[in-house]
Amino acid sequence: MNKAISILLLLFVALTINAENEAEQIHISVAMSQQCPLDNNTKTLLKNKLLSLATHNGVAATECSAIVMVPETSIVNESLIEGGMRNIHTVELQLSVIINNIITGTVFNTVNISCKGNGYSKTEAQRAAIKNIKEADYALSIDVTKQKIVSYYKSNTKSIISKANTLAHQQQYDEALTLLASYPESLPEYFQVASAIRDIFHKSQTRYCQQLLMSARSAYAQRDMTTASELLSLIDATSDCAIDARKLQQAIKRDADNVYNNEIALERESRQAKERIATASINAARDVAVAYCKRQTKYVFFW
């Protein structure tokens with residue numbers, strides 16, 4: 001009996017820890033400076049190592065995000081050992097990894113990493129040095145960073161939404177949506193952020209009518225007439241894709257007249273569609289955020 005109770009207690013503790021980790025889940029990406037001295041293959045290797053370091057400590061990796069790890073790389077020591085059949089290069093790298101929000105400029109933490117490697121060329125030595133980085137050595141630094149990010153978003157929910165609304169008022173919709181898309185979904189205040197994302201995306205829908213049209217076509221292909229129709233209704237009549245939207249709306253009406261003849265069923269589908277529309281808007285806004293990050297000139301995102 002005591003053994004059974006102990007097992008249950010251990011299971012409860014494990015579930016509690018897991019729930020706490022989920023509650024503090026954040027998404028982060030890696031961006032390199034345009035002046036980074038490493039070649040592209042080595043940059044990709046470094047990106048993978050940094051993301052592995054992050055995910056090893058409960059931080060989710062993502063393609064592009066306003067929250068980024070930006071490594072500043074410098075060679076602090078290098079030597080060449082001549083002799084034998086091939087020369088051996090030794091390189092010691094110093095990585096200063098700055099974790100910040102590229103929209104607000106907020107710096108959450110800086111993690112300093114030293115690593116050394118050998119190879120038959122300078123590039124091989126650099127790659128070996130990066131491979132030699134041990135995730136466990138920097139677990140505490142990443143955990144501290146994670147808690148600082150979570151604390152920042154918890155404490156600044158209103159100001160983040162306010163800044164996003166200001167950006168939207170200036171028609172800087174990409175920046176506004178990218179800022180809001182970086183907010184951790186698992187935080188209890190996220191419902192306020194999600195509402196702001198939908199509002200701003202709705203205001204910017206003329207600019208993003210193609211995303212709405214694509215989502216509507218996808219819903220139509222899946223025979224989800226109500227969702228397709230609701231998405232099309234968000235497209236402004238003066239937008240570039242208004243003609244295509246009207247054509248698709250007409251096709252939906254023809255199909256709907258043939259398939260749906262029960263008003264109660266239509267009403268039920270309409271209610272269910274509202275939740276799907278909200279989700280579609282959030283997903284479309286995330287696509288806008290990813291595209292915005294990829295257009296940056298100060299940073300280069302490798303994926």
Side-chain angles (χ1 to χ4, degrees), residues 25 27 29 60 62-66 161 164-165 167-169 171-187 189-295 303:
Q25 184 65 275
H27 291 78
S29 58
T62 187
E63 179 181 6
C64 290
S65 171
I161 293 174
N165 286 329
L167 289 169
H169 183 70
Q171 296 189 344
Q172 298 179 39
Y173 299 116
D174 292 9
E175 287 188 49
L177 293 172
T178 302
L179 174 60
L180 295 176
S182 69
Y183 195 97
E185 295 178 42
S186 50
L187 295 185
E189 298 85 357
Y190 179 73
F191 76 95
Q192 301 175 40
V193 175
S195 178
I197 289 174
R198 291 193 294 270
D199 289 345
I200 291 174
F201 187 79
H202 180 71
K203 292 175 183 176
S204 66
Q205 55 79 38
T206 298
R207 186 171 180 178
Y208 305 123
C209 66
Q210 287 297 336
Q211 277 113 327
L212 289 169
L213 186 58
M214 288 175 61
S215 297
R217 283 173 173 162
S218 176
Y220 177 61
Q222 298 171 27
R223 314 311 292 168
D224 186 354
M225 308 299 181
T226 306
T227 299
S229 183
E230 288 282 354
L231 284 167
L232 291 173
S233 70
L234 296 175
I235 296 177
D236 192 275
T238 61
S239 64
D240 294 339
C241 51
I243 295 176
D244 290 334
R246 279 197 296 272
K247 289 179 180 178
L248 182 56
Q249 191 72 276
Q250 290 167 0
I252 291 170
K253 186 178 186 306
R254 285 195 301 270
D255 287 354
D257 287 343
N258 293 330
V259 176
Y260 300 115
N261 55 12
N262 188 319
E263 291 298 325
I264 295 176
L266 278 172
E267 177 61 26
R268 183 172 61 252
E269 285 292 323
S270 179
R271 287 198 302 270
Q272 293 172 348
K274 290 180 180 178
E275 295 182 4
R276 294 195 293 271
I277 295 300
T279 301
S281 297
I282 295 291
N283 290 337
R286 286 177 184 147
D287 291 340
V288 171
V290 169
Y292 170 82
C293 289
K294 288 183 175 181
R295 290 197 305 271
W303 190 256

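Taking the side chain as every heavy atom from C-beta outward, Arg295 and Tyr292 approach each other to under 4.5 Å. Between Val288 and Thr178, every side-chain heavy-atom pair lies at or beyond the 4.5 Å cut-off.
No donor-acceptor distance shorter than 3.5 angstrom exists from the side chain of Ser182 to the backbone of Ser65, with no hydrogens or angles considered. Looking only at distances, no side-chain donor or acceptor of Ser195 sits under 3.5 Å from a matching main-chain atom of Gln192.
Screening residues 242-252 for salt bridge (Lys or Arg N to Asp or Glu O under 4.0 Å), with sequence neighbours left out, gives no hits.
Residues Ile197 and Ala285 share a closest heavy-atom pair of CG2-CB, 3.5 Å. In terms of heavy atoms, Ala168 sits closest to Tyr173 at O-CE2, 3.4 Å. The two residues Cys293 and Ala66 have their closest heavy-atom pair at SG-N, 4.4 Å.
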*Check step by step if side-chain contact (heavy atoms from CB on, under 4.5 Å) holds for Leu180 and Tyr183.*
CA-CA 6 Å; Leu180 295 176; Tyr183 195 97; 5.8 Å; no
_Applying side-chain hydrogen bond (donor to acceptor under 3.5 Å, both in side chains) to Ser229 and Gln249, what does each step give before you reach the verdict?_
CA-CA 6 Å; Ser229 183; Gln249 191 72 276; 3.0 Å; yes
*Could you walk me through whether Val290 and Lys294 pass the side-chain contact (heavy atoms from CB on, under 4.5 Å) test, one step at a time?*
CA-CA 6 Å; Val290 169; Lys294 288 183 175 181; 3.9 Å; yes
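Put simply, CG on Asp174 and CD1 on Ile200 are 11.5 Å apart, with the number rounded to the nearest 0.5 Å. Atom NE2 of His169 and atom CG of Leu167 lie 11.5 Å apart (nearest 0.5 Å). For the atom pair CD1 (Ile282) and CG (Asp287), the distance works out to 11.5 Å, reported to the nearest 0.5 Å. Expressed to the nearest 0.5 Å, how far OG1 of Thr226 lies from CG of Asp224 amounts to 6.0 Å. Between atom CG of residue Asp199 and atom CG of residue Asn165 there is a gap of 8.0 Å, rounded to the nearest 0.5 Å.
Salt bridge annotation for Arg286-Glu185: present, with a cationic side-chain nitrogen under 4.0 angstrom from a carboxylate oxygen.
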With a cut-off of 3.5 Å and sequence neighbours excluded, list every side-chain donor-acceptor pair involving residues 211-221.
from, atom 1, to, atom 2, distance (Å)
Ser215, OG, Gln211, O, 3.1
Ser218, OG, Gln222, NE2, 3.4
Tyr220, OH, Asp255, OD2, 2.7

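The SG atoms of Cys209 and Cys241 sit under 2.5 Å apart.
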